[in-house]
Protein chains: 4
Amino acid sequence: MHRRTPPPGRAGRPRSATADAAILAATRAALVELGWSKLTLGDVAMRAGVAKTTLYRRWAGKNELVVDAVAELFDELRVPDRGSLAADIEGVVLQFAAILARPEARSGLMAVVAESTRDEPLRERIRASIVERQKRLVLEGRARAQARGELPPESDPGEAARTVDLIFDVVAGAVVHRTLVSAEPADEQWVRSFTRVLVTGLTSLAAPSFESRTRPDSPSGA
Amino acid sequence: MHRRTPPPGRAGRPRSATADAAILAATRAALVELGWSKLTLGDVAMRAGVAKTTLYRRWAGKNELVVDAVAELFDELRVPDRGSLAADIEGVVLQFAAILARPEARSGLMAVVAESTRDEPLRERIRASIVERQKRLVLEGRARAQARGELPPESDPGEAARTVDLIFDVVAGAVVHRTLVSAEPADEQWVRSFTRVLVTGLTSLAAPSFESRTRPDSPSGA
Amino acid sequence: MHRRTPPPGRAGRPRSATADAAILAATRAALVELGWSKLTLGDVAMRAGVAKTTLYRRWAGKNELVVDAVAELFDELRVPDRGSLAADIEGVVLQFAAILARPEARSGLMAVVAESTRDEPLRERIRASIVERQKRLVLEGRARAQARGELPPESDPGEAARTVDLIFDVVAGAVVHRTLVSAEPADEQWVRSFTRVLVTGLTSLAAPSFESRTRPDSPSGA
Amino acid sequence: MHRRTPPPGRAGRPRSATADAAILAATRAALVELGWSKLTLGDVAMRAGVAKTTLYRRWAGKNELVVDAVAELFDELRVPDRGSLAADIEGVVLQFAAILARPEARSGLMAVVAESTRDEPLRERIRASIVERQKRLVLEGRARAQARGELPPESDPGEAARTVDLIFDVVAGAVVHRTLVSAEPADEQWVRSFTRVLVTGLTSLAAPSFESRTRPDSPSGA
DNA sequence: CCATAATCGAGACGGTACGTCGAGTCTTACT
DNA sequence: AGTAAGACTCGACGTACCGTCTCGATTATGG
């Protein structure tokens with residue numbers, strides 16, 4: 001998907017189908033053992049039982065390869081139905097924290113983000129295959145909360161999109177910072193406190209009028 | 001401070017005092033021009049007008065050097081007195097976003113965080129010279145809010161410390177994610193939305209009874 | 001021949017054939033310009049239009065490279081047929097002196113001999129590719145003298161081998177010492193005196209009885 | 001003698017007298033352990049319990065230091081009185097070979113000779129402090145042989161000087177080559193063969209008429 | 001069923017940076 | 001002024017990866 005595509009010409013030997021998966025798995029294994037900065041493409045090729053040329057034929061370089069290898073990790077995230085918006089968020093956040101506790105994610109994710117600060121196509125690739133791809137979680141959670149009546153249906157589509165982005169930045173950012181920078185576990189206690197702040201803030205932000213129906217003593221009159 | 005320290009013995013030529021500042025400045029300049037991954041210590045040494053060995057005599061490697069070079073950037077942050085907790089937070093967040101918009105911070109910060117996932121001493125160094133060092137901002141903001149009567153004095157010290165950590169993770173994480181991953185500007189509009197969520201969440205978390213007692217109307221009088 | 005040999009496996013790109021000659025020529029050029037101690041492998045690689053790694057792939061280090069580069073110089077030595085043993089020796093010695101007058105030989109030869117005093121494999125390499133290789137000159141000269149009747153055919157093979165070694169040590173040693181240590185030219189006059197001493201000594205050593213037959217006024221009656 | 005001389009000015013602390021001997025001894029010890037190419041001046045200074053500056057104040061560099069350290073080794077050579085020219089030569093050659101068997105001489109001597117091919121002052125220093133200094137041995141041996149009547153008194157002084165040079169080049173060159181290049185021991189058997197060739201050649205060169213007059217039989221009684 | 005053509009493993013290639021080491025100089029405080 | 005200590009600039013070391021290339025050997029499809 002995000003790889004160097006073979007030219008559409010039809011003749012010649014086709015690319016090995018199994019190689020891709022082997023390479024991505026080898027990349028994750030190398031991330032676990034060595035971390036990003038000591039991971040070398042020659043080593044990945046060897047682990048995958050593949051020649052270096054095969055690897056370069058399909059990916060432009062280390063960064064692109066690692067993005068793909070890491071992106072797959074986040075596809076296993078699901079929004080559990082725990083009965084309330086707060087409980088749903090807690091569930092997703094705990095899953096997210098669990099992934100960030102795995103060394104292949106820790107090592108790779110921040111590194112490619114760092115690289116992307118000077119490489120626009122790489123940033124776009126990260127956005128597309130990780131960030132935008134996982135915003136499905138926010139959309140799904142919001143839909144479920146709306147179905148439950150916890151949140152009003154969005155009126156302004158632009159405002160709704162901005163809110164999704166804000167939520168994603170706050171959730172992903174806070175968990176990453178807690179896990180990787182502060183190096184403290186994002187355990188149940190922390191997740192509960194975090195979620196409480198977030199949900200309280202969000203509901204009051206979302207629709208004072210809607211909210212004031214259910215919580216008439218809201219502090220925000222602005 | 002976080003460098004290879006000269007043995008305390010008095011004999012011999014002392015280390016050049018000006019070299020340190022020149023090296024850190026050269027490091028930041030190289031981060032701006034080249035970014036972290038293309039920054040080489042040989043190049044930094046040349047820019048600083050210093051031999052490579054001098055650099056290695058004082059820092060263990062690229063990571064430690066960049067941490068020190070970046071850490072200095074955050075020392076200029078101040079908590080402005082804008083009259084209310086929300087306005088104070090907005091002010092600090094905007095300053096923080098402005099620093100993260102500078103290429104020397106963008107390139108370096110995430111890279112060393114990434115490296116620190118496999119290097120415990122490096123993580124501790126980051127914590128000490130960046131994270132813990134800047135928690136002063138949260139403490140100062142809280143004290144000012146308490147003086148204004150916006151927040152109750154903390155009763156449980158352990159709980160208070162956990163709250164400081166939580167606030168720091170949420171603020172720093174969200175701004176970093178917005179700026180570096182989503183690659184959207186943390187502009188006034190975004191900061192206002194973010195701050196509103198945060199302050200609402202925090203005040204209700206801190207002491208709903210206290211808050212509702214003293215400020216039944218809007219918290220912002222500005 | 002005396003180099004790091006590629007593994008006999010056939011796979012992969014073969015080593016460039018032209019690189020070897022270019023490297024050895026570049027080594028000699030560098031010896032002329034810089035001498036042994038200021039010769040650097042990086043410089044040799046650059047002169048040869050070759051990467052440093054290519055050089056290290058084929059030779060273990062500076063010493064081995066210089067031995068090979070210098071050894072080739074002595075392959076041009078020939079035993080001229082000048083009609084008598086003494087004249088033949090004079091011819092070879094003059095050629096040898098001419099080679100030692102060239103800076104690429106002067107700089108390199110003594111240096112690798114010096115290194116070989118602490119490096120047994122290096123000494124063996126020098127012996128094989130320079131010393132033993134050039135003993136052909138002594139053998140050829142002796143054969144021609146025997147054909148002329150100036151020397152008797154050797155009876156004891158062991159003794160004959162020892163004599164070849166002795167001659168080589170005396171000739172090579174004397175010319176080298178004259179040229180490099182005393183720093184006086186090994187010109188015609190010196191070569192004539194040296195050869196006279198050597199031939200007189202040798203013929204009397206070789207076979208007094210044989211010699212006394214043809215030169216009844218020989219001083220040696222032993 | 002061959003060192004950097006202190007300026008004749010009288011003021012200030014005088015140079016430590018013991019330092020010189022300590023440095024030269026440390027140099028020889030380092031030659032034994034490390035050989036010339038791995039010998040470092042910092043290491044020598046440390047062994048001698050002296051600062052690097054002290055060392056550089058007295059010698060220009062590694063080569064000059066090693067020449068002085070090695071030159072002292074040859075001062076112990078003596079011409080023994082063994083009753084005949086041939087036996088005297090054998091005695092000196094064996095002593096010379098014994099010195100060349102010591103690692104501090106092997107490592108250092110050839111190295112500085114190699115360096116001297118591109119450093120005229122260094123060559124002159126070697127000539128003065130080693131070569132010319134030890135020609136005393138040849139002079140002494142000749143005088144003793146003349147006193148015995150084995151050699152005629154020299155008539156032409158120029159010719160006599162040239163012969164001394166020739167002998168020195170042959171003897172020193174052959175022993176060095178045997179010992180360091182061929183890497184065979186210059187043992188009694190080899191020395192006897194070598195001496196026989198040399199003496200026979202020399203006596204017939206020196207004065208055939210003189211020799212045949214006084215010693216019609218074999219010159220060697222051995 | 002053979003020719004064409006793209007793929008594959010292997011490994012040499014020209015580069016660039018690494019982190020270390022030694023040379024020789026300079027700057028301290030002390031003697 | 002000499003000394004021990006040690007920081008300084010400079011330049012080479014030998015290694016490791018990068019990303020490209022050149023091999024001979026496969027392995028598909030299309031003529």
Side-chain angles (χ1 to χ4, degrees), chain A residues 6-7 9-16 19 37-46 48-62, chain B residues 6-7 9-16 19 37-43 45-46 49-58 60-62, chain C residues 6-7 9-17 19 37-43 45-46 48-58 60-62, chain D residues 6-7 9-16 19 37-46 48-62:
Chain A
R10 290 285 157 250
R13 177 174 173 175
R15 287 191 182 164
S16 160
S37 64
K38 294 188 180 173
L39 176 154
T40 71
L41 294 201
D43 181 62
V44 168
M46 211 184 55
V50 142
K52 242 193 327 175
T53 32
T54 298
L55 209 154
Y56 276 105
R57 203 173 287 120
R58 304 180 188 208
W59 283 276
K62 184 168 165 173
Chain B
R10 288 279 153 254
R13 177 175 175 176
R15 289 194 180 164
S16 162
S37 63
K38 294 190 180 172
L39 176 154
T40 72
L41 295 200
D43 180 64
M46 210 184 56
V50 145
K52 222 177 7 160
T53 39
T54 296
L55 210 153
Y56 278 104
R57 200 175 291 119
R58 303 181 187 209
K62 184 168 164 172
Chain C
R10 288 280 150 253
R13 178 175 173 174
R15 288 194 181 164
S16 161
S37 64
K38 294 189 181 172
L39 177 153
T40 71
L41 295 199
D43 180 63
M46 211 183 56
V50 143
K52 219 175 13 157
T53 40
T54 296
L55 210 153
Y56 278 105
R57 201 175 290 119
R58 303 178 187 211
K62 185 168 165 173
Chain D
R10 290 286 157 250
R13 175 175 173 178
R15 288 191 181 164
S16 161
S37 63
K38 295 188 181 173
L39 176 153
T40 71
L41 293 201
D43 179 62
V44 168
M46 211 184 56
V50 144
K52 247 195 320 177
T53 31
T54 299
L55 209 153
Y56 277 103
R57 203 173 289 118
R58 303 179 188 208
W59 283 275
K62 184 168 167 174

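What you are looking at is a predicted structure, and each value in this text was computed from that prediction instead of being measured. Lettering follows sequence order; numbering is per chain, from 1. Below, all heavy atoms of this structure are taken into account, side chains as well, without hydrogens, waters or symmetry copies.
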Taking the side chain as everything from C-beta on, heavy atoms only, tell me whether Lys62(D) gets closer than 4.5 Å to Ser37(C).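 Not in contact.
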Using atom [atom1] of [X] as one end and atom [atom2] of [N] as the other, report the distance to the nearest whole Å.
| X | N | atom1 | atom2 | value |
| --- | --- | --- | --- | --- |
| Lys38(C) | dA23(E) | NZ | P | 14 Å |
| Lys52(A) | dC23(F) | NZ | P | 18 Å |
| Asp43(A) | dC17(F) | CG | P | 8 Å |
| Leu41(A) | dG19(F) | CG | P | 6 Å |
| Leu55(D) | dA4(F) | CG | C1' | 13 Å |
| Tyr56(A) | dA6(E) | OH | P | 23 Å |
| Arg15(B) | dC8(F) | CZ | C1' | 12 Å |
| Arg57(D) | dC26(E) | CZ | C1' | 12 Å |

Nearest-nucleotide 5' precedence on DNA chain F, Ala11(C) against Ala11(B):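 Counting from the 5' end, the first nearest nucleotide belongs to Ala11(B).
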Considering heavy-atom distances to DNA chain F, does Gly42(C) or Ala19(B) have its closest nucleotide positioned more toward the 5' end?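 First, find each residue's nearest nucleotide; the 5'-ward one identifies Ala19(B).
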Rounding to 0.5 Å, atoms OG1 (Thr54(A)) and CZ (Arg15(A)) come to a distance of 9.0 Å
On a heavy-atom basis, which atom in [X] and which in [Y] lie closest, and how many Å separate them?
| X | Y | value |
| --- | --- | --- |
| Leu41(D) | Lys52(D) | O-CG, 4.3 Å |
| Val50(C) | Ala19(C) | CG2-CB, 4.3 Å |
| Ala51(D) | Ala45(D) | C-CB, 4.1 Å |

By nearest-heavy-atom nucleotide on DNA chain E, the more 5' of Pro14(B) and Gly61(D) is Gly61(D)
When you get a sec, tell me which of dC13(F), dA4(F), dG22(E) is the closest nucleotide to the side chain of Thr40(D)? dG22(E)
What's the closest nucleotide to the Arg58(C) side chain, out of dC13(E), dC23(F), dA12(F)? dC13(E)
Which part of the nucleic acid, if any, lies within contact of Gly49(D), taking any heavy atom under 4.0 Å across all strands shown: a base, the sugar-phosphate backbone alone, or nothing? sugar-phosphate
Using a 4.0 Å heavy-atom cut-off, does Ser16(A) contact any base of the nucleic acid, only the sugar-phosphate backbone, or nothing at all?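 Here Ser16(A) touches the backbone only, sparing every base.
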Between the base of dC8(E) and the side chain of Thr53(A), is one N or O donor paired with an acceptor at under 3.5 angstrom? no
Confirm from the modelled atom types if Arg13(A) and dT7(E) form a donor-acceptor pair under 3.5 Å, side chain to base only.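 Result: at least one qualifying N/O pair found.
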Under 4.0 Å between a side-chain N or O of Thr54(A) and OP1 or OP2 of dC8(E)?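 Checking Thr54(A) against dC8(E): at least one side-chain N or O falls below 4.0 Å of OP1 or OP2.
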